[in-house]
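Encoded as structure tokens, the structure appears first; notes follow it.
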Amino acid sequence: MPHPATAVQETTGGIAPHLRRLLEFVEPDRDDVCLDVARGRGPMPAALRPRVRHVTAVDATPAPEEPGRNGRMATVEFGTGPVRITGSPDDGDRPPAMATREDPRPRPAAPAVEADATALPYHDNTFSLVTARFSLYTLGEPERVLRELLRVCRPGGRLIIADLVRGNLAGPERDRIERLRDPDHPGTPSIARLTEMITSAGASIRRLDVFTVERPVEPWLAGARDEASADWIREALTDEVDGGPRTGAKPRVIGGELWFTQSWAHVAAEPI
């Protein structure tokens, strides 16, 4: 059953609450040798570095001719705009504080290694902690990526996957607006599908944290394929707020802005 992540002992300073929640779920150890695999440069290496022995960051962005059907950068950009966790103390009718934003400033760190997520340049059993945050479905065939992440993870180590999910009984409406915004969107897996893929790749699920976040619509729509698609999504969400057909995004107005919801999952698995 899903349960809240336990708290780490160290302070997390000004880290955004949703990233802090992931760090607490990861439970980093001073002796951990970590690998973070991302599309581009995400926030995990910088967040983990003070808490572990060593972090290797891999930028596994596919070459332009390899990713989606038309070579576009796919899916949601998670570092844009504020995010708040539903049920948190600031879950009211005002926008959250600036502390909920991921820091967009450059992070001084060792350069990321560019590599294929399905053929990582590391020996078997190299890392005690392997993380992939909102990138599993954009780095190649997810099943192959999972097998590769598990290959480089030591026995007794941890694989942490953070990604979008939908409820096991949720309908297809939510993916409709995701694909209108981005035709290369691979579809949002159910919680059951995500955990099934991880176990089929050769791991056992140790912990699961599933929760809902709210995000402002406009920064998200900045990545729409065209303005007409953005206008359609904006209108559909506004209509739902006014009692119209459901989109699956559960929109509402906060501080005069239109916001929508996503379901996120953190999964901790161990190679078997």
Side-chain angles (χ1 to χ4, degrees), residues 1-38 41-58 78-79 83-89 99-100 102-103 107 109-110 112 117 120 122 124-136 145-165 191 194-199 201-213 263-272:
M1 293 292 294
H3 62 83
T6 56
V8 293
Q9 298 300 311
E10 296 178 25
T11 178
T12 47
I15 293 176
H18 58 284
L19 183 56
R20 183 169 64 244
R21 182 172 179 141
L22 177 54
L23 276 176
E24 292 172 351
F25 183 83
V26 169
E27 298 180 344
D29 186 273
R30 287 291 185 186
D31 291 328
D32 273 328
V33 178
C34 307
L35 173 69
D36 179 69
V37 180
R41 295 196 61 170
M44 284 301 288
L48 285 169
R49 196 163 280 114
R51 299 170 172 82
V52 300
R53 186 195 307 174
H54 182 76
V55 178
T56 298
V58 166
F78 283 86
V83 174
R84 79 160 152 203
I85 300 170
T86 300
S88 63
T100 63
E102 290 179 13
D103 189 348
R107 302 175 179 90
L120 295 168
Y122 304 109
D124 295 357
N125 310 328
T126 298
F127 302 96
S128 62
L129 174 62
V130 179
T131 61
R133 177 181 179 268
F134 300 117
S135 57
L136 179 61
V145 173
L146 284 167
R147 287 194 294 269
E148 187 67 357
L149 297 180
L150 289 166
R151 179 187 68 79
V152 300
C153 188
R154 297 173 185 169
R158 294 102 71 211
L159 169 65
I160 307 294
I161 300 294
D163 226 308
L164 285 171
V165 293
I191 300 165
L194 177 60
T195 56
E196 177 189 14
M197 281 197 302
I198 294 171
T199 56
S204 59
I205 305 296
R206 296 306 189 196
R207 289 178 294 123
L208 179 63
D209 179 26
V210 181
F211 56 100
T212 300
V213 302
S263 294
W264 292 5
H266 300 157
V267 185
E270 181 178 333
I272 56 176

Contacts of N125 meeting side-chain hydrogen bond (donor to acceptor under 3.5 Å, both in side chains) (sequence neighbours excluded), chain-then-number -> none
Atom of A46, atom of P50 and distance for their closest heavy-atom approach: O-CD, 3.3 Å
R154: which of V33, V130, T126, D124 passes side-chain contact (heavy atoms from CB on, under 4.5 Å): V33
Validation row: L22, D209 side chains within 4.5 angstrom (heavy atoms): no
Rounded to the nearest 0.5 Å, how far does CE of M44 lie from OG of S135? 10.5 Å
How close do A132 and L149 get, heavy atom to heavy atom, and via which atoms? CB-CD1, 4.1 Å
Nearest atoms (heavy-atom pairs only) where G42 meets A38: N-CB, 4.3 Å
Below 4.5 Å, heavy atoms only, C-beta onward: do C153 and P271 meet side chain to side chain? yes
Set of side-chain hydrogen bond (donor to acceptor under 3.5 Å, both in side chains) partners for T195, sequence neighbours left out: none
Does H266 offer a backbone N or O that forms a donor-acceptor pair with the side chain of R207 under 3.5 Å? no
Looking at side-chain heavy atoms only, is the closest gap between R51 and L23 below 4.5 Å? yes
V37 vs L136 side-chain heavy atoms within contact, under 4.5 Å: no
Taking the side chain as every heavy atom from C-beta outward, state whether R84 and V213 have any pair of such atoms under 4.5 Å apart. no
Taking the six-membered ring for Trp and the single ring otherwise, decide whether the centroids of H18 and F211 are under 6.0 Å apart. no
What is the distance from atom CZ of R53 to atom CZ of R30, rounded to the nearest 0.5 Å? 12.0 Å
What pairs with D29 under side chain to side chain contact (heavy atoms under 4.5 Å, CB included), at least two apart in sequence or on another chain? D31, D32
Taking the side chain from E270 and the backbone from L159, do they hold a donor-acceptor pair closer than 3.5 Å? no
Measuring from atom CD1 of I161 to atom CE of M197, what distance do you get when rounded to the nearest 0.5 angstrom? 9.0 Å
I198 CD1 to S204 OG distance, which is reported to the nearest 0.5 Å: 10.5 Å
Going by an N to O cut-off under 4.0 Å, is there a salt bridge joining E148 and R151? yes
Is the shortest side-chain heavy-atom distance between W264 and T212 below 4.5 Å? no
Please round to the nearest 0.5 Å and tell me the distance separating atom CG of L150 and atom CD1 of I272. 9.0 Å
Hits for side chain to side chain contact (heavy atoms under 4.5 Å, CB included) against P45, two or more places apart or cross-chain, chain-then-number order -> D36, R49, V55, A57
Do R158 side-chain atoms and R206 backbone N/O form a donor-acceptor pair below 3.5 Å? no
Can you list everything that forms a side chain to side chain contact (heavy atoms under 4.5 Å, CB included) with T199? Sequence neighbours excluded, please. I205
